[in-house]
There are 4 protein chains.
Amino acid sequence: MKKKFTEKQIHILDVAEKLIAKKGFEGTSVRDISTKANINVAMISYYFGSKEKMMSHLYQYRVQKTRESFAEFAETIKEGKPEMQMKELVKYVVNQLFKFNYFHGFVTQELRHTEHLKEDLLDFYNTFTHKIDDVTKKGIASGVFHHAPKPEDLLTLIIGSALFAIRNKNFYSLYVPGKEENYLQEAEKKILASLLVTVFSTLGYQPN
Amino acid sequence: MKKKFTEKQIHILDVAEKLIAKKGFEGTSVRDISTKANINVAMISYYFGSKEKMMSHLYQYRVQKTRESFAEFAETIKEGKPEMQMKELVKYVVNQLFKFNYFHGFVTQELRHTEHLKEDLLDFYNTFTHKIDDVTKKGIASGVFHHAPKPEDLLTLIIGSALFAIRNKNFYSLYVPGKEENYLQEAEKKILASLLVTVFSTLGYQPN
Amino acid sequence: MKKKFTEKQIHILDVAEKLIAKKGFEGTSVRDISTKANINVAMISYYFGSKEKMMSHLYQYRVQKTRESFAEFAETIKEGKPEMQMKELVKYVVNQLFKFNYFHGFVTQELRHTEHLKEDLLDFYNTFTHKIDDVTKKGIASGVFHHAPKPEDLLTLIIGSALFAIRNKNFYSLYVPGKEENYLQEAEKKILASLLVTVFSTLGYQPN
Amino acid sequence: MKKKFTEKQIHILDVAEKLIAKKGFEGTSVRDISTKANINVAMISYYFGSKEKMMSHLYQYRVQKTRESFAEFAETIKEGKPEMQMKELVKYVVNQLFKFNYFHGFVTQELRHTEHLKEDLLDFYNTFTHKIDDVTKKGIASGVFHHAPKPEDLLTLIIGSALFAIRNKNFYSLYVPGKEENYLQEAEKKILASLLVTVFSTLGYQPN
DNA sequence: GATGAATGAGTGTTCATTCAT
DNA sequence: AATGAATGAACACTCATTCAT
């Protein structure tokens, strides 16, 4: 079931997403959002009912967007070999995280009345889990993979590493080449390379 | 340089740490802390200067504590073989994260005036990086490891995965056996097992 | 001079009257009214200019209605003896108050720009005063009444008592028989009986 | 059980009482109160918890005060004859109403969570009811009164009339001599005179 | 050294009203 | 003639902090 958002609502959600990513839900005031979005303070309540409900809509919006993107992506790799599919899958997930890491950021915070939000996200993660499982099994069948780690552990590895690199810039940037302003791009490359090695090692990859 | 904290300060920091872990920095008021700690509201400002400076002291306190713990731990494994050392190292790091995950939790939030905090934490992570690097090299030298992944990537893998499992209970608990109230214990076991496989795979471990 | 109200306006006023009676002028929002009346929020401003002006129109509307009703009533008693007229008059006034007490309720609140409203009401009360005076004098002339209290004091007695019984349900209901949900009906009976005794005593009533 | 209020609290309550009397509970903002009382806005929440709880304290304060005053008054008339006692009682009640009419004003408004407030007031009114009943019976016994109207009806008569005169200045002032600024004093005299006649008539008063 | 009282800035939300259509 | 979107002002309240003692 696809929820419709008006252009204005999307505009607000976009602004809110970035601010909340940077300063957290509690750290971001509706006045911050409204100022940055060039709208009236009252609009957040007006459009979404409350700050917290806005958060709820934000989740739905982001999950929906990502799901659409993933469906498209899945189509592009459906013809390839398992090893290619796995590589592209890792690439895709890492890329999404670097694009929308803030979204995953505030998931962790304990929000009240957000049970169904968490279900949205759960559902969302499971999309990846299933895909990873499929590809792993196909790889084992075709003889390129020799181990079948639990898909949820693989996903945890990928998402956890990416998010950690994103959020702990102070630490990880020490090992990332290039200028500070390119940190995210360079970090993505580095963590992706590392993850591919790790994932393929764990799968016991042997080219045919 | 070791900072001294009075008993009262430590008491406040202990209470604050737990509350902040649960509700976030902004979500935790100084009144919450002072009520729970049975002290006067004014004490936080009085002892630490401000709520934010208290945060700063909290970092120092936790880093200091962990450093002491780590020094002790390092002593216990210094005689073993590299593969044992690596295993224990992973175990130790994961265990620390499960114990003090909240601490790492709020690292990510963009606090103002916290540059030196971040340095503390950086320094702290590097302690692990160096140890991982040492053990990896020793393992390569002794012929049990055949690849030398970047230590910062290994650490990222370990910390990232553990924190993700901790924070995304909704997702990960689906795959964790046992009762909900034992989630953390069971999740620690599961993620540790997974990480050991992954780390040793990545290191190209081959027993002599 | 009779003001004309459109059907829609009357509909809004009816809804508003009830809500304001229950929750007070300030306690009733234009959204409450518009929701209950199934009209657009903007309609109140659109039809009446403002919430406060709507109030003004509400007064006029209620005064006008009551005046019409009173004229009708006066007709029905014009042939009777003074004692019967007085009794019916008290009954009529008490009945009106129990029907439209809310209307008198919000009279007391200090509204801004309401001078002419008050005049409406004043005029309205004076209708009764004059009638009471007439009947009193006729009763004295016919020898059934022996005192002539000031008509405004008699009216004050009647209106004050009725309103107090209506508004201080908590107190008065202690002495009123029957179920809570019939309070108003029972209270009306009781206060009416009491007032008749009091009024006739004060008039020094002696049947011919 | 006597609740203690600090001087500052009493100061706030005094200011609040007057404002609320004039503009109603909803019509009076905490800013109005704090401005007039020359205190910080936050003080109302600080001292009383919330605006509504302040209201609760206001009731208690006023009831307590009046109860003290009444105990004192009762002492002064305990030696007199019933007719004198009744006269003084009416005088006292009317006087209290003119002094603290605003207090009775907002009783009527439907406040949430104020059940126990209403009980306070109920209890308070009953103090008068019982006294009226006592004096009536004594008067009947001593042969000066010949009717025994229900005490609650007598009280309703007195309070209702006084409050109506106070609140409907526009109407009642037409019949009150003297300047506008002396309205309350003159109205008190007039309504008292009227009430004494009415009450004694109703009691069937005959001097021995 | 420690505290209770007090403060001013800021919070999210609701309000009556306006405006473009 | 009527409305849905939008607004700015006001709302009650909470915050971290200060200050007099």
Side-chain angles (χ1 to χ4, degrees), chain A residues 6-9 12 16 25-35 37-55, chain B residues 6 8-9 12 16 25-35 38-55 112, chain C residues 6-9 12 16 25-34 38-55, chain D residues 6-9 12 25-35 37-55:
Chain A
T6 68
E7 255 185 58
K8 295 234 169 180
Q9 282 177 317
I12 295 173
F25 179 72
E26 310 259 9
T28 305
S29 74
V30 294
R31 270 170 190 77
D32 286 350
I33 298 168
S34 67
T35 301
N38 255 77
I39 53 150
N40 188 279
V41 236
M43 296 306 298
I44 275 119
S45 287
Y46 178 66
Y47 274 138
F48 302 107
S50 71
K51 189 192 177 190
E52 220 169 53
K53 279 184 193 139
M54 179 205 69
M55 199 63 182
Chain B
T6 69
K8 292 223 173 187
Q9 283 176 316
I12 295 172
F25 179 72
E26 309 265 3
T28 304
S29 74
V30 294
R31 264 171 196 74
D32 286 348
I33 298 169
S34 67
T35 301
N38 258 78
I39 52 151
N40 189 278
V41 234
M43 295 303 297
I44 276 117
S45 287
Y46 179 66
Y47 272 138
F48 302 107
S50 74
K51 188 191 176 189
E52 222 169 49
K53 279 182 192 142
M54 180 205 69
M55 200 61 184
R112 287 140 297 211
Chain C
T6 68
E7 254 184 59
K8 293 225 173 185
Q9 283 177 318
I12 295 173
F25 179 73
E26 310 264 3
T28 305
S29 73
V30 293
R31 262 170 196 76
D32 286 350
I33 298 168
S34 67
N38 258 76
I39 52 151
N40 187 277
V41 233
M43 294 304 296
I44 276 117
S45 288
Y46 179 66
Y47 272 138
F48 303 108
S50 73
K51 188 191 177 189
E52 220 167 52
K53 277 183 195 140
M54 179 205 70
M55 199 64 184
Chain D
T6 68
E7 256 184 58
K8 295 236 169 176
Q9 282 178 318
I12 295 173
F25 179 74
E26 309 261 8
T28 305
S29 74
V30 294
R31 266 169 193 77
D32 286 349
I33 298 169
S34 67
T35 302
N38 256 77
I39 53 151
N40 188 279
V41 235
M43 296 308 298
I44 276 117
S45 286
Y46 178 68
Y47 273 138
F48 303 107
S50 72
K51 190 190 175 189
E52 220 169 51
K53 278 185 193 139
M54 180 204 69
M55 201 62 184

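Quick note on labels: first sequence line is chain A, next is B, and so on, each numbered from 1. Keep in mind that what you see is a predicted model, and the values were worked out from it rather than measured.
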Does B:S50 make a side-chain N or O approach to OP1 or OP2 of F:dT17 shorter than 4.0 Å?
yes
Closer than 3.5 angstrom, by distance alone: can the side chain of D:S34 be matched with the main-chain N or O of D:R31 as a donor-acceptor pair?
yes
For B:K8 and B:M43, indicate whether the former's side chain and the latter's backbone hold a donor-acceptor pair under 3.5 Å.
no
Of all heavy-atom pairs linking B:I44 and B:K51, the shortest is CG2-CA, 4.2 Å
Which comes earlier along DNA chain E counting from the 5' end, the contact point of C:K51 or that of B:M43, where each point is its nearest nucleotide?
B:M43
Donor-acceptor pair present, A:R31 side chain and E:dG10 base, under 3.5 Å:
no
Looking at B:Y46, does any N or O in its side chain come under 4.0 Å of the phosphate oxygens OP1/OP2 on E:dG1?
yes
Tell me the interatomic distance from C:E26, atom CD, to F:dC11, atom C1', rounded to whole angstroms.
12 Å
Could A:K53 and A:Y47 be counted as a cation-pi pair, given that NZ or CZ must be under 6.0 Å from the ring centre and within 45° of the axis?
no
Could you state the atom-to-atom distance from CD of C:E52 to C1' of E:dC15 in whole Å?
14 Å
Separation of E:dA9 atom P from A:D32 atom CG, nearest Å, is 17 Å
If you look at every strand shown and take non-hydrogen atoms under 4.0 Å, does A:T28 touch a base, only sugar-phosphate, or nothing?
sugar-phosphate
To the nearest Å, give me how far apart CD1 (B:I39) and C1' (F:dA16) are.
13 Å
Partner nucleotide, any strand, of F:dG4 [Watson-Crick/G-U, under 3.5 Å]:
E:dC19
Let me spell it out: for each of A:S29 and C:V41, pick the nucleotide of DNA chain E with the closest heavy atom. Which residue's pick is nearer the 5' end?
A:S29
Rounded to the nearest Å, what distance is computed from the CZ atom of residue C:F48 to the P atom of nucleotide E:dA16?
15 Å
Mind calculating the distance between CD1 (B:I44) and C1' (F:dT18) to the nearest angstrom?
15 Å
When rounded to the nearest 0.5 Å, the distance separating CD of A:E52 from CZ of A:F25 is 5.0 Å
Atom CG of A:N38 to atom C1' of F:dG8: distance rounded to whole Å?
15 Å
Could you check C:Y47 against B:S45 and say which one's nearest nucleotide on DNA chain F is further toward the 5' end?
C:Y47
It should be established whether B:K8 places a side-chain nitrogen or oxygen under 4.0 Å from OP1 or OP2 of nucleotide E:dG1.
no
Between D:N40 and E:dG8, does any side-chain N or O lie under 4.0 Å from OP1 or OP2?
yes
